[in-house]
Amino acid sequence: MITIERVSKRFGKTAAVDDVSLDIPAGDSVALWGTNGAGKTTLIRCVLGLLRFRGRVRVGGFDVRTRGKPARRLIGYVPQELGFYDDLGVAAAVRYFARLRAVDGVEVEKVLASVGLEGHGGKRIRELSGGMKQRLALGIALLGDPPVLVLDEVTASLDACGREAFIALLSGLAGSGKSLLFASHRVDEVTALARRVVLLEKGRVTGEVSPQDLGVRLGAQTVLHITLHDRVRGRAIDVLRARGFPARLNGVGVLVPVPAVQKVAPLRILAEERIDIEDFELLGASTHEEHRP
Amino acid sequence: MTTITAGLSSGMRLRVPTLSANVLSVALRELREAVRSRWFLLYTLGFAALGLGVSYASSASAGGAGLSGFGRTTAGLVNLVLLVVPLMALTAGAGTIASDRERGMLVYLLSQPVSRLEVLLGKYVGLGAALLACICLGLGSCAGILAWKGDATRPLSMVWLAGLSFGLALGMLSVGMLASVLARKASVAVGTAIFLWLALVFVSDLALMAGTMALKLRIEELLAMALVNPLQVFKMWSLHAIDSSLDVLGPAGLYAVDEYGGRLHLIFGACLMAWVVAPLALAAAVFSRRAPV
Amino acid sequence: MFVVLTMLLALTGPASVQEGMAPPSAPALSDGPVNTGRLGAMIREAAPGAVVLVPAGVYREHLRIDKPLTLIAEPGAVIDGGGSGDIVEIAAPDVTFRGFVVCHTGIDLDRENAAIRVLAPRATIEGNTLEDILFGIDLREAPDSVVRGNRVGGKVLDIARRGDGLRLWRADRTLVEGNTVHDGRDAVLWYSTGITVRGNRSVRCRYGLHLMYSDEVTIEDNVLTENSVGIYLMYSRGVMVRRNQLVRNRGPSGYGLGLKETDRFTVEHNLIHGNRVGVYLDGSPFTDAQPGVFTRNTIALNDVGITFLPAVRGNRLSANNFIDNIEQVSIAGRGELKGNQFWDGDVGNFWTDYVGYDKDRDGVGDFVHESRTLFENLMDREPKLRLLLFSPTQQAIEFVGRAMPAIRPEPKFVDEVPLMRPVAVEVGAGGAPSAVGLGAASAGILGVGVFVLSVGLSGRLAAGLRGKSGRGGGA
């Protein structure tokens, strides 16, 4: 459904995307995995025909450079953050994009209901929360039932709650026969949605793995929250850092990201240093910078 | 509308919107945004207030005497249009694309099945309609007060003035949009527009004056140089159309009428048209090559 | 009724003028029996001093009247020159020629083909209609004549090929009254002393009235519209110009009233409106025997109200209304107006561009009216700059000139006692506009508007600078 052939894109001297080839058959779901600046967003913009690049991208057989309109008609795109007229009403926005996508007979309430926004049609975009905005963007992307969905870090600006709801919404779509191409640096997202994970580094494809292997490859991490008395927190952080754990102050204790196989190590270290541990708990994957590959 | 089926699973047929449909959609959106914006309102009010002032003052002075002629009414309104309309159109054009790009709206809009030409033309048409509304409101209120004061100004001359103002606005809108497409930031684009406004309103006239006084420009040279400035073209055309002569403009005006006579309408029209078409075409060329971010 | 009609004529466009004065069509004149030589025979047979009633009919002849006769046409009597030569020549004194239609002279400018040529004193030319003629009524050495109530329509030719609708040459004490001339060259009055020109109309001619070397002349109640020049007085002495309407005379020179080396003149109660130049003064007054007097005229909506050539001095202007002329007073080229006075005693003029006020309510502005605008100053020096009129640059330059004393020009003239209200002028309907302190009012309104605009502009700029924070780019 999407064929990316030897695509390169340079911004000045830096190569944002460097000779990337990728084929996404109908119904497949591909995650682009990489750090900020790895070229995920640039590649997606090439696929959308928003940038000029070397190489070729075809969507449903249409070259995005010469037949951009029909190519994009096949794509539903959700950006990281919906950038649009803030004052526009939600229903009006849906109708507007339905016109642009040449989709007739749109029932706005149904579209909104399909992304859990029933009853919000009268609001202005400005009045929506981040999660609701993303759901609106998804609703718009699904107008006219396009065979391809392209998502660019769609949960990056959402809180944990909004993220879970959004991923749940998307996972329903992943199995529906649509082709998915999405950029992410979140394990939970990738695990839930992707069949294949393409690893990007400095604009180049460095490998392809299954979502399950991604966890192993990264040495799936978890976070230890250790509750400490405030007198000892500073010293605990110093001690942990000295032993290679990037501990940070958090509320009544410290947060310590740890590889899954070393969950006990920080507790042992603190015990050795005779720092009283009041309590501890394990948190799942987090939004913290340390967890990004 | 064309229907595409290529590369899709059987039974799935998607329509691609036509150029005119998309231009219309974007134009309507832009028009609504413009009409809702505070600046548009302020410009319209300012324009109408100034126009009313000019009309009231001039009809109070000459109308009472039962005298008509090329007096302060027409001169004042022409003068007012020269000051306000280019500023309005230049800043409107300059503000549109650059600020959309800055706020990420452009990426989102262009990820839809629309071409860049459609977006550019749509914005042009929408803003043009907004400017037309502003001009009609402004000059319409002037016509109203003139009629109320019993001024002998012919309705046809107001129609001429409005039409030519609109022509001038379209030309300046083109220039503004070119600035907007070229500039990286909205503030730069608007700044450039204001600079251009100053240049067209004051600097070029001052240069013409200096040239006439110091270099002893010949009449035909002075006229040719004046025709380069769309504001002067508007002014001469208005006087020519309303007063059916240019002799109020002294030797150069007499020369223009003697030399070109009936062809003057064509010449003025061509000059103004060039200001509409050339910057817009250039803007379209630049816009189609520039990244929307 | 006449005043109303002429006002209408003055205020409506050329279209309606044409309608009112369309020449009778040539075929109509040729209808009916054609008589050749019959009118000549009637004149030959008549005794000197006889009254000859000429019956209706077309007389295709060229006449010479060589004895005192009174020729009175019955309605429908047409003398048709057939397009050649002169038509009627009056060679004897005391001839009265009344009520004829005279048409179709030749077009020989060198021979000055005329409809009616008078070569003897005391002729009365009255109530005739002259159509398709080169020269109309041409009085040569014909003093004490009366030319009254004739309609003269010239051949619609290129101006260089037209003849004079009316010409006086050494015709002292002649009365020219109630005539209408259209599409002629000039109505020109040469070397004629003591003549009166009253209540005539002239449309679409070159010079509506042209005085050459004629002294003690009264020109009053005439309506001169859409000529190249309304009235041009040259080399004459003792001229009274009053109650005339000089409207839309916009030829290449386009003066409402021009005066060249004319002495002892009074110009009063005239309406001078919509001309290229309302009044043009060249070497007038010619001597300092008596000031040139301009009083109670309305000079309105001309491109230039009054133009003075640089050396002009000795005029006294008072109680005139200067209304919305694009340039109220100009000096052609460099020069000053010190030798002229814009007030008389404690009466100045009414200026629509006066910006002062009248606190003590005595009808006279509390500040003198000084005209010193930088742009006008530049325009006087370089007329080509008129091309830049009505542009914001003009105001900017004038503003700068006002704000910066260093480049402020010397005042062109000063009216020490400007009037706050316009003066009643006898001519025309509603000659008194009702404006009070207009300059100040319009300046105030403009100021408010500019303020609103600049607030809007700065807001816009701020929005642009703030970038993402709002939809600054809306309009």
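Below, all heavy atoms of this structure are taken into account, side chains as well, without hydrogens, waters or symmetry copies. Quick note on labels: first sequence line is chain A, next is B, and so on, each numbered from 1.
- In summary, of the residues considered (B:Arg32, B:Glu33, B:Glu30), a side chain to side chain donor-acceptor pair (under 3.5 Å) with A:Tyr85 occurs for B:Glu30 alone.
- Without hydrogens or angle criteria, B:Arg29 side chain to A:Ala93 main chain gives no donor-acceptor distance under 3.5 Å.
- Enclosure of atom CZ in A:Phe11 by more than 12 non-hydrogen atoms of other residues, nucleotides or ligands within 6.0 angstrom is indicated.
- Neither the backbone nor the side chain of A:Ala92 comes within less than 4.5 Å of any heavy atom of chain B.
- Note that the CG atom of B:Leu28 and the CZ atom of A:Arg99 stand 6.5 Å from one another [nearest 0.5 Å].
- Put simply, the side chain of A:Arg45 never gets that close to the backbone of B:Ser111: no donor and acceptor are under 3.5 Å apart.
- Both the backbone and the side chain of A:Leu88 come within less than 4.5 Å of a heavy atom of chain B.
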Requested in this report: Would you check, one step at a time, whether the test side-chain contact (heavy atoms from CB on, under 4.5 Å) holds for B:Val26 with A:Leu100?
Outcome: CA-CA 8 Å; B:Val26 175; A:Leu100 285 184; 4.2 Å; yes

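- Using a 4.5 Å cut-off between heavy atoms, B:Arg289 contacts chain A through both its backbone and its side chain.
- Note that CG of A:Leu50 and CZ of B:Arg116 are 6.5 Å apart. Values are rounded to the nearest 0.5 Å.
- Nearest approach of A:Gly83 to B:Met105, heavy atoms of both residues: O-CG, 3.2 Å.
- Although no hydrogens or angles enter the test, the distance criterion places a donor-acceptor pair under 3.5 Å between the side chain of A:Arg72 and the main chain of B:Val114.
- The 12-atom threshold is exceeded at CD of A:Glu109, counting heavy atoms of other residues, nucleotides or ligands nearer than 6.0 Å.
- Listed here is the closest heavy atom pair of B:Leu109 and A:Tyr96: CD1-OH, 3.8 Å.
- Among all heavy-atom pairs drawn from B:Ala291 and A:Leu51, the shortest one is CB-CD2, 3.6 Å.
- Interface remark: A:Arg101 contributes backbone and side-chain atoms alike to the contact with chain B (heavy atom separation under 4.5 Å).
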Report task. Carefully, step by step, assess B:Tyr108 and A:Glu81 under the rule side-chain hydrogen bond (donor to acceptor under 3.5 Å, both in side chains). Result -> CA-CA 10 Å; B:Tyr108 191 56; A:Glu81 218 170 329; over 6 Å; no

